[in-house]
Every structure is written in C-alpha cells, then in structure tokens.
Amino acid sequence: MAVNNQVCTIEYKKGDIATKAAKAFYKNLEKHYVTVGIHREEGAKQVGNNGYTLIKNACNQEFGNTQTVEKTRRFKSPYTGKWFYIKKGTQLNIPPRLFIRIFNSNKIKKELTGVFKNQINANIKKENTYQIYDAVGLWGQLKQKERIISNSIKPKNAKMTKVYKGSNTPMYLTGEIFSAIKHEVH
C-alpha cells in the first residue's frame, strides 16, 4: 500500500492467513480505490441564481480567489438583515482555506496509513476489500468535515463577512459544502 509516496508495511503473525489466500486478498484489494471530497453530482448543484455551482464555491474556498466587483451593488443579508454597499471596482479577496487537501499533512498521512492497516487486519479473513475502502473513505470524509466544524480553518472571515453571516466560522453558512463532502469506493 502507498500513501503519496509513503509506503507502509503490514505484518502478520504466523497462521493469520494462508499464503494463497493472502495473494488473492491483495490482488482483490488492488481492484478498488476510494475518493473523498465533493464529487461530480454534488458539485454540479447550483448555489444561487447565476449558474454558480457548489464545486466552484468549494474551489474558491480551497484555493482562494480574487474578484473585482463589476457593478456597484447594494444588498441585504438574509442572515442578519443588515444592508451592504460595495462600489464598482472593489476587489474582494477570498483567502485559501485548506479543507479538502488535508491529506498532504504528514500527521494526517500517518493517521490514514494506520486506519488502512487496521481495516486490512480487521477484514483480511473476511476477504472483504470493499469494506476496507468504505471504512477508510468514511474516516477521510469525517476528517474533512471535522476540519470545517472545528473552527480551526484560518484565516478567519473578513469583518464584512462576519457582519453578513452573523458569525466568524469560515466556510460554514448554509452547510452545503459540508453536506456535499462524501466518499466513493470505485
């Protein structure tokens, strides 16, 4: 098994599994993989009325974005009832807020490797490779969601965003991105 160029080894005690069965198990294990994040169907959902999709919103949050206001706008927050005015030409900065690519962290890679090893050890006799990836995917899904709700995402919201939302929790307003994070076994 490899996790982004890190290799882990799985050890067995004598009698855990026969050699032929182990070879068959690992061959079957290689037939699957798991993806975690916002998948095509969820990502295609419209956010608002202007063709803006959930995946575009998530990408803006993950990677950051700078937008220039094309027309002067006056609008009211549906969350706080406060009015806002933004002049034409104003630049709006959305800083990158890592929540999907958390598996690049050495700490998370180590945890992921441990979860994968534990799932293999728990399921090797059952020869259920799908269940292994399903459990690992669920763990990854929960890690990404935990990142959002733990309020540990930095940087915090801009002053105007806090007033608009009525809160300082980055990335969580309607729960659409949070709910869209899922795992799929392929």
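The shortest distance between side-chain heavy atoms of Gln91 and Val69 does not fall below 4.5 Å. Side-chain contact between Val36 and Ile100: absent, with no pair of heavy atoms (C-beta onward) separated by less than 4.5 Å. Considering only heavy atoms from C-beta on, Asn123 stays 4.5 Å or farther from Thr129 through its side chain. Using a 4.5 Å heavy-atom cutoff, the side chains of Thr113 and Val115 are not in contact. Residues Leu112 and Val136 meet the side-chain proximity criterion, which asks for heavy atoms closer than 4.5 Å. Within the 4.5 Å cutoff, no side-chain heavy atoms of Val185 are placed close to those of Thr35.
Counting all heavy atoms, side chain and backbone alike, Pro155 lies closest to Pro96 at CD-O, 3.9 Å. Across all non-hydrogen atoms, the minimal contact from Asn168 to Asn157 is OD1-N, 3.2 Å. Of all heavy-atom pairs between Trp139 and Ile108, the closest is CH2-O, 4.0 Å. Among all heavy-atom pairs drawn from Lys109 and Phe103, the shortest one is CG-O, 3.2 Å.
Counting only distance, with no hydrogens or angles, the side chain of Gln67 and the backbone of Asn93 share no donor-acceptor pair below 3.5 Å. A distance-only check finds no donor-acceptor pair linking the side chain of Asp134 to the backbone of Tyr130 [under 3.5 Å]. Of the possible polar contacts, one joining the Thr72 side chain to the Lys88 backbone as a donor-acceptor pair under 3.5 Å is found. Proximity of a side-chain donor or acceptor of Thr80 to a complementary backbone N or O of Val163 within less than 3.5 Å is detected. Thr90 places no side-chain N or O within donor-acceptor distance of the main-chain N or O of Ile86, the cut-off being under 3.5 Å. In this structure a side-chain-to-backbone donor-acceptor pair under 3.5 Å is present from Lys165 to Thr169. Judged purely by atom type and a 3.5 angstrom limit, Arg97 has no side-chain atom pairing as donor or acceptor with the backbone of Pro170.
Taking a 6.0 Å sphere around CZ of Arg101, one finds it holds more than 12 heavy atoms contributed by other residues, nucleotides or ligands. Crowding of Glu70 atom CD: a count of heavy atoms from other residues, nucleotides or ligands under 6.0 Å not exceeding 12. Summarising the local packing, NZ of Lys156 is surrounded by more than 12 heavy atoms from other residues, nucleotides or ligands at distances under 6.0 Å.
With rounding to the nearest 0.5 angstrom, the CD atom of Glu62 is 5.0 Å from the CG atom of Leu98. Here the straight-line distance linking atom SG of Cys59 with atom CD1 of Ile38 works out to 8.0 Å at 0.5 Å rounding. For the atom pair Leu138 CG and Lys143 NZ, the distance stands at 12.5 Å (nearest 0.5 Å). Once rounded to the nearest 0.5 Å, the distance linking OG of Ser77 with CE of Met160 reads 10.0 Å. The CE atom of Met171 sits 11.0 Å away from atom CD1 of Ile94, with the distance rounded to the nearest 0.5 Å.
Val47 and Ile55 fall within a single hydrophobic cluster, where Ile, Leu, Val, Met, Phe, Trp and Tyr are joined by side-chain heavy atoms under 4.5 Å apart, directly or via other members. By the rule that hydrophobic residues join a cluster once side-chain heavy atoms approach within less than 4.5 Å of another member, Phe99 and Ile149 end up as members of one cluster.
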Dump the intermediate steps for side chain to side chain contact (heavy atoms under 4.5 Å, CB included) on Leu29 and Ile132, then the final yes or no. CA-CA 9 Å; Leu29 191 64; Ile132 292 168; 4.1 Å; yes
Decide side chain to side chain contact (heavy atoms under 4.5 Å, CB included) for Thr66 and Leu92; before the verdict, give the C-alpha distance in whole Å, the side-chain angles of both, and the deciding distance to 0.1 Å. CA-CA 6 Å; Thr66 301; Leu92 303 175; over 6 Å; no
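Sorted by first and then second residue, the pairs that involve residues 152-186 and meet ring pair (Phe, Tyr, Trp, His ring centres under 6.0 Å), not counting sequence neighbours, are Tyr33-His186, Tyr79-Tyr164, Phe84-Tyr164, Tyr172-Phe178. Legend: side chain to side chain donor-acceptor pair (under 3.5 Å) pairs involving residues 50-59, not counting sequence neighbours, sorted by first then second residue: Tyr52-Asn60.
Ion pairing of Glu176 with Lys45 is absent here, as no side-chain N (NZ or NE/NH1/NH2) approaches a carboxylate O to less than 4.0 Å.
Note: Phe75 and Tyr85 fail the aromatic proximity criterion, with ring centroids not under 6.0 Å apart.
Here the rule is side chain to side chain donor-acceptor pair (under 3.5 Å) with Lys182, and of Gln144, Glu42, Gln141 only Glu42 fits it.
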